[in-house]
Amino acid sequence: MQWDKRLVTLSLLPLFHAFGLAVNVGMHFYLGSKVILLQGFEPEQLLKTIEKYKVNDFPMVPPLALFLAKHPLVDKYDLSSLESMISAAAPVGKGILRTMAERIPSLKIVRQGYGLTEATAGAIVNPIDPTKCKDGSVGVLLPNLEGKVTDLDTGEALGPNQEGEICLRGPIVTHGE
């Protein structure tokens, strides 16, 4: 996948959300690539748009990944132009991205990320290399960020596989209490 003007991205992401703003305005305006904006999710319109405009990049939310992985309508359209997708804004169930990638073999980059407005959108993202992605994981910290998971009651740092609050520090994180 070339990250340049040949990139054709389909977006259903709202521009008022950090994910939509970063992807649509930040990345693609900077790259000068083409963005196809759809106003809302209509299954046939979505699939026709991918086919017609030869969309090769599709940032999405988990319900769209589930739709592409499971809905029978998907088989009626040529989605072979799709090469890259990232899901964010909510967790994707284990196996959904793998099922979607198996159904659309042209997808070379299938990953998930985690972000928040306070971190200027993305903060943790799976690597582009699929061999370094763990199913169900949102990935690794982006460069120049530090992070830890803390206990909600004590504020103490927790170890692996323990639930708590994600705390981040770095140049893209807003300052606050």
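Atom set for the values below is all heavy atoms of this structure, side chains included, hydrogens, waters and symmetry mates excluded.
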Peer 1: Quick check on E163: does its CD atom have over 12 non-hydrogen neighbours (other residues, nucleotides or ligands) under 6.0 Å away?
Peer 2: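 Check fails, neighbour count at 12 or below.
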
Peer 1: Identify, with sequence neighbours excluded, every residue that meets salt bridge (charged side-chain N to carboxylate O under 4.0 Å, His left out) alongside D129.
Peer 2: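 Partners of D129 under the salt bridge (charged side-chain N to carboxylate O under 4.0 Å, His left out) test: none.
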
Peer 1: Got a second to check how far K48's NZ is from D78's CG, nearest 0.5 Å?
Peer 2: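 The distance works out to 14.5 Å.
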
Peer 1: Looking only at non-hydrogen atoms, find the nearest pair between L73 and P43 and report the distance.
Peer 2: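 So the two residues come closest at CD2-CB, 3.9 Å.
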
Peer 1: Closer than 3.5 angstrom, by distance alone: can the side chain of N126 be matched with the main-chain N or O of S137 as a donor-acceptor pair?
Peer 2: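 Here the side-chain-to-backbone pair exists.
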
Peer 1: To check you understand the geometry: which heavy-atom pair defines the closest contact between S87 and V92, and what is its length?
Peer 2: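 Between these two residues, the closest heavy atoms are OG-CG2, 3.1 Å.
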
Peer 1: What do the steps show when you test L82 against L10 for side chain to side chain contact (heavy atoms under 4.5 Å, CB included), and what is the final call?
Peer 2: CA-CA 10 Å; L82 279 176; L10 175 62; over 6 Å; no

Peer 1: Between NZ of K134 and NZ of K94, what distance do you get to the nearest 0.5 Å?
Peer 2: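 With rounding to 0.5 Å, NZ (K134) is 6.5 Å from NZ (K94).
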
Peer 1: Quick one: pull up CD in E42 and CG in L12 and give me the separation to the nearest 0.5 Å.
Peer 2: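 Interatomic distance, E42 CD to L12 CG, rounded to 0.5 Å: 10.0 Å.
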
Peer 1: Looking only at heavy atoms, which two atoms of P62 and A90 are closest? And how far apart?
Peer 2: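 It is CG-O, 3.2 Å.
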
Peer 1: Judged by atom type as modelled, is there a donor-acceptor pair below 3.5 Å linking the side chain of N144 to the main-chain atoms of I172?
Peer 2: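 A pair under 3.5 Å: no.
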
Peer 1: Heavy atoms only: give me the nearest P127-C133 pair and the separation to one decimal.
Peer 2: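 So the two residues come closest at O-SG, 3.2 Å.
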
Peer 1: Please examine the side chains of I128 and R111, heavy atoms only from C-beta on, and report whether any two atoms are closer than 4.5 Å.
Peer 2: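 A side-chain contact under 4.5 Å exists here.
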
Peer 1: For the backbone of S80 and the side chain of S106, can you confirm whether one donor and one acceptor N or O come within less than 3.5 Å of each other?
Peer 2: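 Indeed, once roles are kept as given, a pair shorter than 3.5 Å links the two residues.
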
Peer 1: Taking the side chain as C-beta and beyond, is there a heavy-atom pair between L116 and L168 under 4.5 Å?
Peer 2: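 Result yes, sub-4.5 Å side-chain heavy-atom pair found.
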
Peer 1: Does any N or O in the side chain of E118 come within less than 3.5 Å of the main-chain N or O of T174, such that one atom is a donor and the other an acceptor?
Peer 2: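 No: the side chain of E118 does not pair with the backbone of T174.
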
Peer 1: With side chains defined as the heavy atoms from C-beta onward, is the minimum distance between V173 and R169 less than 4.5 Å?
Peer 2: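 V173 vs R169: side chains apart.
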
Peer 1: Examine distances only and state if a side-chain atom of N56 and a backbone atom of L7 form a donor-acceptor pair shorter than 3.5 Å.
Peer 2: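 Looks like no, no N/O pair under 3.5 Å.
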
Peer 1: Side chain of R103, backbone of L68: donor and acceptor closer than 3.5 Å?
Peer 2: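 Yes, R103 side chain to L68 backbone: donor-acceptor pair under 3.5 Å.
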
Peer 1: Which residues pass the side chain to side chain donor-acceptor pair (under 3.5 Å) test with Y77, not counting sequence neighbours?
Peer 2: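 Applying side chain to side chain donor-acceptor pair (under 3.5 Å) to Y77 gives E44.
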
Peer 1: Taking the side chain as every heavy atom from C-beta outward, state whether D151 and Q162 have any pair of such atoms under 4.5 Å apart.
Peer 2: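 With C-beta onward as the side chain, the pair stays apart.
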
Peer 1: Over all heavy atoms of both residues, which pair between V74 and F67 is shortest? Give the atoms and the distance, please.
Peer 2: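 Result for this residue pair: CG2-O, 3.6 Å.
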
Peer 1: Apply the side-chain contact (heavy atoms from CB on, under 4.5 Å) test between S84 and each candidate in D57, T9, V55; give the one that qualifies.
Peer 2: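 Considering D57, T9, V55, a side-chain contact (heavy atoms from CB on, under 4.5 Å) with S84 is found only for D57.
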
Peer 1: Within the side chain of D135, is there an N or O that forms a donor-acceptor pair under 3.5 Å with the backbone of G95?
Peer 2: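 Yes, the answer is positive, given that a donor and an acceptor are paired below the 3.5 Å cut-off.
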
Peer 1: Can you establish whether the number of heavy atoms outside F41 located under 6.0 Å from its atom CZ is more than 12?
Peer 2: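 Counting neighbours around CZ of F41, more than 12 heavy atoms of other residues, nucleotides or ligands fall under 6.0 Å, so yes.
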
Peer 1: Show the nearest heavy-atom pair for residues A69 and I96, with the distance to one decimal.
Peer 2: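 Looks like CB-O, 3.8 Å.
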
Peer 1: In Å and rounded to the nearest 0.5 Å, what is the CG to CD distance from L38 to Q45?
Peer 2: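 With rounding to 0.5 Å, CG (L38) is 5.0 Å from CD (Q45).
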
